[in-house]
Amino acid sequence: MTHYRFLVESKPLPGREADYHAWYDGRHLQDLLQLPGAWQAQRFTVVGAPDGDDPTFFMIVDYETDDLPALLAEIQTRSSSGAMPSSDALDRASVKVTILEARPPVA
């Protein structure tokens, strides 16, 4: 199995931070942890950002899978079917996803 780490950056819409956090903490993290191969998820607040912009938040989710395309397809299926709903408090233009693949340990 290959270890993947998803880094997701996002922001709430102006004035919707409480709704954004309620959705993320109360629903979205649990939805992500129900995906095949998920084993941990954690959220972070960016502190000390050089641009001084509105707060940005990161989520890190770890998965183990031998079929990354199938995992990505399952995320898309659940998102589009409503089984893993988004929030209207999420600023969709702010979302950036980076997927990292673990490198083998150096012997």
Side-chain angles (χ1 to χ4, degrees):
M1 297 287 251
T2 303
H3 176 184
Y4 294 95
R5 181 163 284 169
F6 287 47
L7 307 176
V8 182
E9 176 183 1
S10 65
K11 295 180 182 183
L13 290 170
R16 300 290 310 276
E17 192 168 329
D19 296 329
Y20 166 86
H21 291 302
W23 163 71
Y24 238 120
D25 296 333
R27 173 73 195 248
H28 195 53
L29 283 179
Q30 292 308 310
D31 286 342
L32 293 169
L33 288 169
Q34 298 302 313
L35 288 161
W39 59 277
Q40 83 176 359
Q42 187 172 5
R43 294 188 62 219
F44 298 86
T45 301
V46 175
V47 295
D51 61 9
D53 201 358
D54 294 331
T56 299
F57 303 96
F58 273 86
M59 174 186 60
I60 299 174
V61 186
D62 290 302
Y63 296 96
E64 295 280 341
T65 183
D66 286 327
D67 193 348
L68 181 60
L71 175 59
L72 296 173
E74 183 64 19
I75 292 169
Q76 180 60 40
T77 297
R78 292 184 189 196
S79 295
S80 62
S81 73
M84 192 167 69
S86 186
S87 170
D88 62 357
L90 173 66
D91 178 355
R92 285 172 179 71
S94 73
V95 177
K96 297 175 189 158
V97 179
T98 303
I99 301 172
L100 307 175
E101 181 178 318
R103 295 179 53 81
V106 176

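Given the structure is predicted, the values throughout are model-derived calculations rather than measurements.
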**Request:** Run the numbers on Tyr63 and His3 for ring-ring contact (aromatic ring centres under 6.0 Å, His included), then give the verdict.
**Result:** CA-CA 6 Å; Tyr63 296 96; His3 176 184; 9.4 Å; no
Report, one line per pair, each donor and acceptor closer than 3.5 Å where one atom sits in a side chain of residues 83-91; sequence neighbours left out.
| unit_1 | atom_1 | unit_2 | atom_2 | d |
| --- | --- | --- | --- | --- |
| Ser86 | OG | Arg92 | NH2 | 3.1 |
| Ser87 | OG | Ala89 | N | 3.0 |
| Asp88 | OD1 | Arg16 | NH2 | 2.9 |
| Asp91 | OD1 | Ala93 | N | 3.1 |

**Message:** I'd like to check the salt bridge (Lys or Arg N to Asp or Glu O under 4.0 Å) partners of Asp62; sequence neighbours left out, ordered by chain and number.
**Reply:** Arg5
**Asked** So, Ser94 side chain and Ser10 main chain: donor-acceptor pair closer than 3.5 Å or not?
**Response** no
**Message:** Any heavy-atom pair between the side chains of Val8 and Ile60 that's under 4.5 Å?
**Reply:** no
**Prompt:** Side chains of Leu32 and Met59: does their closest heavy-atom pair fall under 4.5 Å?
**Reply:** yes
**Asked** Tell me the salt bridge (charged side-chain N to carboxylate O under 4.0 Å, His left out) pairs involving residues 72-84, sequence neighbours left out?
**Response** Glu74-Arg78
**Prompt:** Side-chain heavy atoms under 4.5 angstrom apart, residues restricted to Ile, Leu, Val, Met, Phe, Trp, Tyr: same cluster for Phe44 and Leu100?
**Reply:** yes
**Asked** When the ring centroid of Tyr20 is compared with that of Phe57, is the distance short of 6.0 Å?
**Response** yes
**Prompt:** Roughly how far apart are Phe6 CZ and Leu72 CG, rounded to 0.5 Å?
**Reply:** 5.0 Å
**hydrophobic_cluster_shared for Val97 and Leu68, side chain cutoff 4.5 Å** = yes
**Message:** Return the CG to CE distance between Asp66 and Met1, rounded to the nearest 0.5 Å.
**Reply:** 5.0 Å
**Message:** I need the Thr65 OG1 to Glu101 CD distance, nearest 0.5 Å.
**Reply:** 11.0 Å
**Asked** Are Leu35 and Ile99 joined in one hydrophobic group, where the rule is that I, L, V, M, F, W and Y side chains link up if heavy atoms are under 4.5 Å apart?
**Response** yes
